[in-house]
Each structure stands twice: as structure tokens, then as C-alpha cells.
Amino acid sequence: MSNPIPVTSPLLPPLEEFLPYLEEIWRSKRLTNGGPFHEQLESALAEYLGVEHVCLFSNGTLALVTALQALRITGEVITTPYSFVATAHSLLWNNVKPVFVDIDPVTNNLDPKRVEEAITPATTAILPVHCYGIPCDVDAIQRIADTYGLKVIYDAAHAFGVRQNGVSVLNHGDLSILSFHATKVFNTFEGGAIICPDKKIKQRINYLKNFGFADEVTIMAPGINGKMNEVQAAFGMLQLRHIESALQIRKRIFDRYRSALTGIDGITLLHQPQGVDWNYAYCPILIDDARFGVSRDEMYDRYRAREILVRRYFYPLITEFPMYRNLASSDATKLPHAHRIASQVLCLPIFPDLSLEQQDTIIDILLSAREG
Ligand SMILES: *Cc1c(COP(=O)(O)O)cnc(C)c1O
């Protein structure tokens, strides 16, 4: 194989299809600040995803930081150690203390049974992640939030298009955040969004993402610049035309991995819950070296040696990084599931352009490792 195989590759429609969008931007000279493509994409996404309001951002991290601002979150927030580091960073950017609790070993999501014991008088919110796009136990989390008067903000960066019993998973909690980074299922090169249940909170978020401007002379809040520009938004409109077929191809690739790897001693595949229309965003496997015979890190090295760029999402845990590791809640003895899974996980390549031959190579490397 001449070219390295990445773990993911962006959904990139033919360039000719994007040129008319660019010509339109050049004609109108509207480059940003809520231009026509921005407005079109907000309504098109709300319709496609089945949500009330979409508020576009230049990236998912600024959407997260701004969502916490919009709800005036302070004090302590309960979150997961098993995520991309931006989840916890968004709390530090708001001067909020993260309180980490362990994950459920089947869903890889915040375990609601561990949340209650982490609540203190300073707790104001819960920040769960729909890890790999698998929905959190949203009912249990909402019950706890209601009992203790807490807000819920979902980091739904992995959950584009995911539905549970026909309803978008993005409709849960007070706000949800999406990322449209190049590595995600749906991308605008860089980009993100806050999903809002009503117009009032959307208005506040609109102020916050544009310096706090309500009109030329009125500043409502110390806002940031989080606006999505017209080139990004136009690309999003083009992506929407291709997303359904991309999701179908992802499903086919995932199902092929599953039939090849099911039943191998020491390999665990991601559990797909009943009633969930998943987006096949990631293909994580867990490698138990005692049973499989080869460790996760050895497999990582073998893939890398063949230029197959598998990733250990999420290793190290967020609680291992210097700005978090001294928190009491980062104590490894309280996070056994997160630590075990972080030491076993390997994400295999999954993206629409992955060829059958490439996938066979990836599968063979795993199968032949077991045979010695
Ligand atoms: C990608 C990602 C983010 C950050 O999104 P950006 O658009 O890259 O800023 C946040 N949380 C999770 C779980 C992610 O995977």
C-alpha cells in the first residue's frame, strides 16, 4: 500500500459542485455576519436533524464555551473523563471546576448511577458526551437534573443525525453542541452549532457569538466572535446533499467489520442499542490482551508500521492531562471503567472512501495477529 490509510477522511464532494456556491458568494459579496448561506444552513439543518433551532458557530469548541456562557454556568459541573479534551477545556474557559465521574462500560457514556454522589452545593450542571454517537441514558440524567435543579448540556459532537425511537438525540437537555470539524461525519472544514429548544435562548446565543451586539450601539453581553462564515455555511449546504449516502456507506463498512470481528476471543465491538438510528461515526474495538494474546499498543504499532493510522480515542483520559490530574475527582481508583477502556480501545478506519481492499487488509492484520 502506497498511501497511508487515515482513521477518518473528510466527506468532500466533487469540487465542481462547490464552485456555483463560491460564485454566489463572490456575486453577493456577503462573506460572513449571518449571510444568506448561514441562514439557509441553520434552517436546513434544523429540518434535517429534526430540532427546533440551530445556531451555527465557527467550531464546536466555541459552541461549547458559549453554551455554558448562555446558561450562566458557574461553580462545578459533572462530566466524563472519556472524551476529547475540548469537553473539559470548555469548563476551564468558563472558570468552572470539572468534576469527573466514571463511565458505563457498555455505552462508554457518563454513568448516571455515579452522578448523584458527585453533586455538591456548588454543582450547577451536567455535561455528558454521546460518545461515538451512542446516546447517553438521557432519561436518568434528566431525572437527576430535575431533582437537583441542574442544567444539562450535551456535548453531541459525535451525534450528528442520531435518532432514538425516531426522535433526534439532540433534543435532550437544555442545549446540545455539534462539531462540524473535518474529522466528523458532517463537516464544514471547521464548524459547529448549538441546538436550542426556543427562540429566546437562541437570541441570547446569537448575541454571545457576535461580541454581544444587539444593534449598532447596543452590547448585551461580553460576547465572543464565534460566527460561521459564508464559505463554511455554503459547504455545509453542499454536504447536506451527500450526507445520506455517506451515512449508508458508513453503515455498510461498520457491518462488514462487525461480521468479520464478532466472536473473536478478546475483541469487543461497540454495542449498538435497540431503537437507535446511529451514524456509524467511529469503529472502536476493545482489545483485552490477556484473552487476545496481543496488546492494544502492540496492535497500534503493527497498524502504524503498515501505514494504517488507527487511533486510541480516548487515550489518555482527560483526567491524565496536567491541568486536570490534581483534581480529587481525577483519582484513577474512582474511574476504573474509563481507565480500562482507555487502555484497550482502538478506533479502526471508517469513512466513505475506504475501499473494500483496504478494509480487508485492516481486518487481516487483526485476524493474523491472533494466529501468532
Ligand atoms: C470534535 C470534538 C469537539 C470539538 O469540536 P471542534 O469543532 O473541533 O472544536 C468537542 N467534543 C468532542 C467530543 C469532539 O469529538
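All values derive from a computational prediction rather than experimental measurement. We count ligands from 1, going down the list as the structure has it; atoms in each ligand are counted the same way.
Salt-bridge formation is not detected for the pair R27/E23: no Lys NZ or Arg NE/NH1/NH2 atom is positioned less than 4.0 Å from an Asp or Glu carboxylate oxygen. A salt bridge is absent between R143 and D139; no separation between the charged side-chain nitrogens and carboxylate oxygens falls under 4.0 Å. K199 has no carboxylate O lying under 4.0 Å from a charged side-chain N of E52, or vice versa, which leaves the two without a salt bridge. With salt bridges taken as basic N to acidic carboxylate O contacts below 4.0 Å, none links E117 and K334. Salt bridge status for R291 with D265: present, with a side-chain N to carboxylate O gap under 4.0 Å.
A distance of 13.5 Å separates CG of N95 from CD1 of I73, quoted to the nearest 0.5 Å.
Ligand 1 lies under 4.0 Å from heavy atoms of N59, G60, T61, S83, F84, A86, T87, D155, A157, H158, S179, H181, K184, G191.
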